[in-house]
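Just so you know, these numbers use all the heavy atoms, side chains as well, and skip hydrogens, waters and symmetry mates. Each chain gets a letter, A, B and so on, in the order the sequences are listed, and its residues count up from 1.
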Number of protein chains: 2
Amino acid sequence: MTPESMDLIFAALAHATRRRIMDLVKEMPGCSVADVCKYFDTSRIAVMKHLRVLEEAQLIVPRKRGRVRELYLNVVPLQLIHDRWTTEYSTFWATQATDLKFRLESLGQDDSPTTDAATAQRRSASGNDRPGRKRP
Amino acid sequence: MTPESMDLIFAALAHATRRRIMDLVKEMPGCSVADVCKYFDTSRIAVMKHLRVLEEAQLIVPRKRGRVRELYLNVVPLQLIHDRWTTEYSTFWATQATDLKFRLESLGQDDSPTTDAATAQRRSASGNDRPGRKRP
DNA sequence: GTCATAGGTAACCGATACGTTACTTATCGG
DNA sequence: CCGATAAGTAACGTATCGGTTACCTATGAC
């Protein structure tokens with residue numbers, strides 16, 4: 001999973017219209033481009049551009065059948081991202097999730113230092129709070 | 001979890017520099033903006049703009065301490081996204097993941113219809129392959 | 001063949017993303 | 001106080017994004 005493909009996947013997901021297209025294709029596997037267009041007020045070309053973004057991210061897979069392009073959802077990119085990020089943040093997951101003192105709304109400039117995410121991380125930090133020098 | 005906040009989170013994740021910043025802050029909780037800058041060749045202002053994007057997505061949380069802004073990672077947005085998408089795609093997850101015939105490289109215009117994701121979805125589809133009319 | 005329909009391409013436009021340089025503010029250490 | 005350092009702001013240039021209209025191609029129904 002290259003950083004570039006990760007960029008493509010996240011960028012594709014970063015738009016409500018594209019997420020809705022994914023939901024539609026998930027609910028109607030093999031639907032056509034015109035079918036998807038029925039659900040949006042924007043022009044067909046705009047939908048096609050969104051589809052292109054989704055296809056470049058491999059999130060939607062087309063299958064040419066006659067003159068129609070049947071669209072299918074492909075969850076493999078989602079799985080890859082899921083795997084990478086859960087392993088990468090598994091420790092944090094547990095730390096912040098099980099910390100009953102954690103409150104999202106207390107973040108920021110709150111002066112009570114025992115009831116926020118920052119404190120939870122300070123407690124679980126391994127000591128290298130400051131970088132020594134530039135990592136190559 | 002509004003669509004707008006989801007846009008912010010995914011857009012923030014859709015850039016290798018910002019993902020790297022998240023990794024850095026995860027490894028060095030409470031580090032300063034200047035600390036983060038040491039790891040990039042770009043200007044400090046560019047890093048600060050990336051930090052702004054991450055903060056607007058609530059993925060990074062600042063804590064002002066004197067003249068330095070201590071940075072902390074906040075995994076709550078990641079958890080929210082994780083929860084929403086795993087529940088939404090759980091059926092697909094199992095379908096494509098356990099289908100031994102599934103091959104990513106066979107997608108596209110392959111003529112062998114029994115060895116690709118599209119076929120897996122056709123098998124698991126609930127029949128409504130085509131939309132009847134516009135969903136409100 | 002004819003024609004309606006599914007799909008694709010080109011050119012354009014305003015807004016936003018991502019980077020820069022220059023300048024300003026504020027705090028810490030002596 | 002004073003200089004060094006952390007951070008923030010302003011203005012700007014280029015590229016990409018997200019949408020449009022207009023036009024073109026191809027296939028299926030009849």
Side-chain angles (χ1 to χ4, degrees), chain A residues 3-4 6-22 24-25 28 30-57 59-72 108-109 129-131 133-134, chain B residues 3-4 6-22 24-25 28 30-57 59-72 108-109 129-131:
Chain A
E4 292 77 20
M6 202 123 74
D7 288 1
L8 291 178
I9 296 167
F10 281 126
L13 294 172
H15 199 287
T17 301
R18 287 194 285 264
R19 292 194 299 272
R20 179 127 183 267
I21 290 177
M22 288 179 63
L24 289 170
V25 173
M28 319 180 282
C31 69
S32 67
V33 177
D35 290 338
V36 174
C37 288
K38 297 194 189 88
Y39 292 80
F40 296 95
D41 292 331
T42 62
S43 70
R44 177 180 60 91
I45 287 84
V47 174
M48 278 185 24
K49 288 188 179 180
H50 285 305
L51 280 172
R52 182 180 195 83
V53 174
L54 290 167
E55 287 169 21
E56 284 172 351
L59 286 165
I60 281 198
V61 164
R63 164 174 288 268
K64 193 86 172 183
R65 192 170 180 82
R67 67 173 168 177
V68 305
R69 262 169 23 112
E70 297 179 346
L71 304 174
Y72 296 94
Q109 313 225 3
D129 286 18
R130 292 297 156 82
R133 71 189 142 284
K134 191 159 188 157
Chain B
E4 291 77 23
M6 202 125 76
D7 287 0
L8 290 178
I9 296 168
F10 280 127
L13 294 171
H15 199 286
T17 300
R18 286 194 286 265
R19 292 194 299 271
R20 180 129 182 266
I21 289 178
M22 289 178 63
L24 288 170
V25 174
M28 318 181 282
C31 68
S32 68
V33 176
D35 290 339
V36 174
C37 288
K38 297 195 190 87
Y39 291 80
F40 295 96
D41 293 329
T42 63
S43 70
R44 178 180 59 91
I45 288 85
V47 173
M48 279 185 23
K49 288 188 180 180
H50 284 305
L51 281 171
R52 183 181 194 83
V53 174
L54 289 167
E55 288 168 22
E56 283 174 351
L59 286 165
I60 281 197
V61 165
R63 163 173 290 266
K64 193 86 173 182
R65 191 170 180 83
R67 67 173 165 174
V68 305
R69 257 162 34 103
E70 297 179 347
L71 304 174
Y72 296 94
Q109 314 226 1
D129 287 17
R130 291 298 155 81

Side chain of A/Ile45 only, please: which of D/dT21, D/dG18, D/dG8 is the nearest? D/dT21
Short side-chain to backbone donor-acceptor contact, [X] and [Y], under 3.5 Å:
X       : Y       : result
A/Asp7  : A/Glu4  : no
B/Arg44 : B/Val33 : no
B/Arg69 : B/Pro62 : no

Hey, where on DNA chain C does chain A first and last touch, going 5' to 3'? Cut-off is any atom under 4.0 Å from a heavy atom. C/dA4 to C/dA11
Just how far, in rounded Å, is P of D/dG18 from CZ of A/Arg52? 14 Å
Between atom CG in B/Leu51 and atom C1' in D/dT9, what is the gap in whole Å? 16 Å
Contacts of B/Arg67 and A/Gly66 projected onto DNA chain D by closest heavy atom; the upstream (5') one is B/Arg67
Taking only side-chain N and O atoms of A/His50, does any of them lie within less than 4.0 angstrom of OP1 or OP2 on D/dC17? no
Any non-hydrogen side-chain atom of [X] less than 4.5 Å from a side-chain atom of [Y]?
X       : Y       : value
B/Pro3  : A/Arg19 : yes
B/Leu71 : B/Glu55 : yes
A/Phe40 : A/Ile21 : yes

Once you apply a heavy-atom cut-off of 4.0 Å, does B/Ser43 come out as touching a base, just sugar-phosphate, or nothing? base
With sugar-phosphate meaning primed atoms plus P, OP1 and OP2, does B/Ala34 contact a base, only sugar-phosphate, or nothing at under 4.0 Å between heavy atoms? sugar-phosphate
Base D/dG8 to side chain B/Arg44, donor-acceptor N/O within 3.5 Å cut-off: yes
Name the residue closer to the 5' end of DNA chain C, choosing between A/Arg69 and A/Lys49 according to the nucleotide with the nearest heavy atom. A/Arg69
